[in-house]
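Notes for the one structure printed next.
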Amino acid sequence: MTHDNSWPVALKFMSIGASKIHDKNQIVMTLDHDVQNKSESNLKKYRQIEEFAKKQGVDFYPAGRGIGHQIMVEEGYAWPGTLAVASDSHTNMYGGIGCLGTPVVRTDAASIWATGRTWWQIPPIAKVTFTGILPTGVTGKDVIVALCGLFNNDEVLNHAIEFTGSEDTMRSLPVDDRLAIANMTTEWGALTGLFPIDSVLAGWLRYKATEAALYNNAGLTQASTHTRFTHPRVDELLGNQLSADKGAKYAKSLHLDLSTLSPYVSGPNSVKVATPLNELAAQDIKINRAYLVSCTNSRASDLAAAAKVFKDAAGKNGGKIPKVAEGVNFYIAAASTPEQLAAEEAGDWQAMLDAGAQPLPAGCGPCIGLGTGLLEPGEVGISASNRNFKGRMGSTDAKAYLASPEVVAASALSGRINGPGWYERPEGWSGIVRGEGDGIREEDRMITAEEALEKIIGQLDDLVGTAEKDIHGGEVAPKEDDGTLTEVLPGFPEKVEGEIVFCDADNINTDGIYPGKYTYQDDVTVEKMAQVCMENYDTDFASIAKEGDILVSGFNFGCGSSREQAATAILAKKIPLVVAGSFGNIFSRNSINNALMGVEVPRLVHRLRETFSGVPAEVSQKDVKEPKGNWESLDSPPPAPQNTPSQEKKPTRRTGWTFKWDVRRSRVEIQEGKDGVRWSQKVGELPPNVQEIIARGGLEKWVKKEIKAST
Ligand code: SF4
């Protein structure tokens, strides 16, 4: 799926030399982001997208029909057990219906249009186990807001999440709640968040199939939902359900007891801060605007929950719906037209209009800071959407909180952050139960013989690994033939090496790497790009870094916006390889797509910090101040935890250390200065398909060759 960005993708598609979409049935185009903008330039762009879609014969949904992600789900394009991608960061939402949804960048989208193919490096998988039953008055939104705040040290950064739990537990999470949770796994830092194909989903699919058979809603869509949601197709899916292998091992396991959760509010201005509603309500925080909008929480069930707040209040107001608090603006926009129609039929939409809500067209609008009703300087807003970083919903001097639809509605009604009072704390509650592992008490664990065997094998693997580490002083010794030699394509370098230049910071965003002011200038030369590379992070970088250096930085390198020049500027500086504790996902894709190599070696970052900044390894990930330039990018994440390094820190330094990446052995070797220690470790594989993209000079060139080969 592509949305308002379909035209830039189309331009890229044409610039690569493609003219015909490889498989029109793979592609959906929707217009959703800037739907209130009636300027000639926006209408022209929308016309161009529509004409292009018609010419190519792909399914197209015009402005006002709804948010692309919602359309993908309600129209059955995102299908359980399949992979669906969109050129948008909230593609994760499809995981709510057991469809592996994950974002791609525009070049990937153009490449899929042209070839039907794309590439992946398989991420680490985190298992998140829910236990207990979600209490009344607590929603899926509270679950994900709490997860983002309770596990806020990048625990699932760039992981694929599998959500799991007992049948009883999962039954307390309806599909709409799952969609909200999966949607905000993006904010939690994950690449995708997948729910199981279970009885809850089966019920939803059956309902959709029956509805599609009864009402062919062709009036709302030019596509044919009834051919996607059919009972035979659901039968086939349920007869061949995908599920995790028994005894599967995970990179990480976390658990949360849903029965111990209460309503939660995120913010202000950071999803890493989540506070129980009762604590915020006690602070009497006055609000100016409330938003019931977005792909996260604006389906009919969300609109119903919000409307119930007003309907209940009418009971105490002589049957008349009370107005929202004086001075509060309350905006409502459904996730799609069918969801709005359902809310209208239930009387929910009207209840909110009677309360003084201001309706907006089905689309993104204020969620992305576009159109009517944005936050003004000094204002406070509460929203049912998914992102609250500074400036996202309006002024950078405003405060934005995120909450469930009913909390948004109750806050609009009272003029203060507040809830409807539906939640009652259970007797004997003693805090939220959460942590690492699956949360199941050993005495409660039912285990089959097969699972027991898998577990023993897993434990043996771990024992062997530990023994190797002990023997080799904390490092697994290199093995010439450890069975995982990677094929190296002819012409691709077997080894990449150079001196380490260290940029000691976490969360260096794409604006820090390549300044925004040059992003939309088409005439920037390669020399100029090299000169301004990392300028917003450190103006001395250009003079310190040299051709052939290996750039090493901290965690979440390249977070923020998706500008591709962040990768090309580093290449312009003639740096072939970036090493980081971890990468922002979009940067990882952009770098491979633009032929820049990258590898994650967290240990190297800790060693450099220990040596040059006097920061012990166990705290080094938390010890670095976010670069100042991050605040200048609207796509910036919240700041990393801060403290003051014990020694004066240089933003960029030559280290005298050398780094060698043996591509065939997927192993890196570090020499810590002339007389320093030498160590090595295994790293992720650079498989031949990715080498091929790099060797051809990036994805665009790869696509060109593919097109040529097929004609
Ligand atoms: Fe993105 Fe918000 Fe639109 Fe969802 S509603 S696609 S989060 S801008």
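Here the structure is a predicted model, which is why all the values come from computation and not from measurement. All ligand and atom numbering here is 1-based and tracks the order in the structure.
- Atom 3 (Fe) of ligand 1 has Cys364 SG as its protein N, O or S neighbours under 2.8 Å.
- One finds a salt bridge joining Lys272 and Asp154 here, because a Lys/Arg side-chain nitrogen approaches an Asp/Glu carboxylate oxygen to under 4.0 Å.
- The contact set between ligand 1 and Asn386, taken as ligand atoms under 4.0 Å from a residue heavy atom, comprises 7 (S).
- For Ser41, the side-chain contact (heavy atoms from CB on, under 4.5 Å) partners two or more places apart in sequence, or in a different chain, are Ser39.
- With rounding to the nearest 0.5 angstrom, the OG atom of Ser588 is 10.5 Å from the CZ atom of Phe557.
- Using a 4.0 angstrom heavy-atom cutoff, Arg392 counts as in contact with ligand 1.
- The existence of a salt bridge linking Arg65 and Glu75 is confirmed by a sub-4.0 Å separation between a basic side-chain nitrogen and an acidic carboxylate oxygen.
- Looking at Arg117 and Asp23, no side-chain N of the basic residue comes within less than 4.0 Å of a carboxylate O on the acidic one, giving no salt bridge.
- Checked against side chain to side chain donor-acceptor pair (under 3.5 Å), Ser15 has no partners two or more places apart in sequence or in another chain.
- Gln56 is linked by a side chain to side chain donor-acceptor pair (under 3.5 Å) to nothing, counting only residues two or more places apart in sequence or in another chain.
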